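Each remark here refers to the structure printed beneath this line.
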Amino acid sequence: MNMLFVAVLSQATWAKAYGGGATFAEWVRCLIQTSDGGFIVGAGMNLTWTPQAAVIKLRSDGSVQWAKTSTEWVDPITSIIQTSDGGYAGTVSYDGSAFSNVFKLNSSGAGVWTRLYEWLSNIVLWDIVQTPDNGYAVLGWGWVDGAGYPLDPILLKLNSTGGFQWARTITISGTQYARSLIRTSDNGLAMGIECQETGSLLLVKLNSNYALQWAKRIDRSGTPERLLSANSLIQTQDDGYAITGSSGYDLFVVKLNSSGDLVWARTVDAGGAWGEIGFSIVQTTDGGYAIGGDIDGAYDDFPIMLRLDASGNLLWAREYSFALGAAWAMIQTTDGGYAATACYDGSGSGQPFILLKMDSEGYIQNSSCIYEITPTVTDVTSSVSVTGFTPSLTTPSGLLYSNWDLPVDFNPNVSSICEPLYEGMDESGSYVGLTCSPVPGGLIFKTQSEVPVRIYFPDGRLAYSDKLQKGENRITLGTGVYIWRAGPYKGKAIVK
């Protein structure tokens, strides 16, 4: 017990915002922890009037070690990996782009090579993995025949210097978006694909020779229970697979075995006016799952993070009260905590992207900017079907590629956010900076700073949710017992 207590306390937590200084929204879709314990993020930043891609290397405390951009990278970075030589490789693209970049940096961030790929018509390269021969496989989609729709998934094989080796289109009826590529434990590849016309999720598995091994179509019955946005695909510890995206208006996650057959499926409803979507999934060290996504509200999106056990049951859920958009990228860190990205809800200085380093319970210690939510998780396994199919893999023509400019240094603006609201408890047992006092007909909270609060009935139903303003806040409640949470702290109060 003591060893566990020490391990939890040793988890560093912090939150920082990174911006280019413009007044436009910025975001980060890619995040990995590097071999030195730091982080690499791939971002889209407004450094000029034109959005530019940016690679930022952070130390373990979130401070900037180096940052790179290029005026020729006019689209965001959609994927980034650490390569076997300690460097980094990634893709620069945007849905609707006419071309895409693939780049390689060394461990210090210096450019090694950048290749620009284009087809007879638009091409979007979205995800990248390194292959056993130190080359790369890159997945995306495009209008390969130059005639516009439908879109076909495209898989490129590049050598170690980014040179073109071969390409395959994965021809399936209808328009397809392919955003998830992983290298599997048998040195093959697996691809997560969204079929827009049928509302299906597709999982295509290639063997180590890059030939088709099997393919599965995942559907859910009912209206409007379309399965869309195969946003994140992982291989699990048992050599199976997990995918997150959306189903109708709910976040969706499905677990498959090593043959691509259904194990279980869940939806998550957090009460968003327009639903919830999962954007990133990782398997945790205990065999469970952590998912980053968003709650789509009536006016804004708010990032959420979920923890499920190995069977898909909810352990806990968190909402970021100070952020907008989605938790696009989310990972478990080597100390057992988590790191996630979102867009900062700033005022007067645009919306820089943010990186949160959280503890093992999804909190930033002594801060009020992350709080517990209680979404409804539903077992929908019985409504999900998985069937085999055989796509056509063909070799397209018309691919062009050329060398492109290497990146240069830049200095992003960095600021700490989500600062501690209170450092601990005073001698009376009250939290420093926050007090809760029962009064006839309600509760009075006094706080030194703005903080989100949720108040629950003993049976778990939500009684009140809002933000406390600095100073005194009176909340009217009926007679009874209530459980309250303000930031990472909670208490019980009796209203008479």
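The model shown is predicted, which means the values in this text are computed figures rather than measured ones.
Residues that satisfy the side chain to side chain donor-acceptor pair (under 3.5 Å) test with Asp61, not counting sequence neighbours, are Ser63. Every side chain to side chain donor-acceptor pair (under 3.5 Å) that Asp127 has, sequence neighbours left out, goes to Ser79. Applying the side-chain contact (heavy atoms from CB on, under 4.5 Å) test to Ser382 and every residue at least two apart in sequence or in another chain returns nothing. With sequence neighbours excluded, the residues satisfying side chain to side chain donor-acceptor pair (under 3.5 Å) with Thr83 are Asp85. For Gln237, the side chain to side chain donor-acceptor pair (under 3.5 Å) criterion is met by no residue, not counting sequence neighbours. Evaluation of the ring-ring contact (aromatic ring centres under 6.0 Å, His included) rule for Phe445 yields Trp484 as partners, not counting sequence neighbours. Remark: Asp261 pairs with Lys216 by the salt bridge (charged side-chain N to carboxylate O under 4.0 Å, His left out) rule, at least two apart or across chains. With sequence neighbours excluded, no residue forms a ring-ring contact (aromatic ring centres under 6.0 Å, His included) with Trp14. Residues forming a salt bridge (charged side-chain N to carboxylate O under 4.0 Å, His left out) with Arg220 (at least two apart in sequence, or on another chain): Glu225. Residues forming a salt bridge (charged side-chain N to carboxylate O under 4.0 Å, His left out) with Asp286 (at least two apart in sequence, or on another chain): Arg307. Scanning for salt bridge (charged side-chain N to carboxylate O under 4.0 Å, His left out) contacts around Asp186 gives Lys205, with sequence neighbours left out.
Sorted by first then second residue, the salt bridge (charged side-chain N to carboxylate O under 4.0 Å, His left out) pairs that include residues 243-253, not counting sequence neighbours, number zero.
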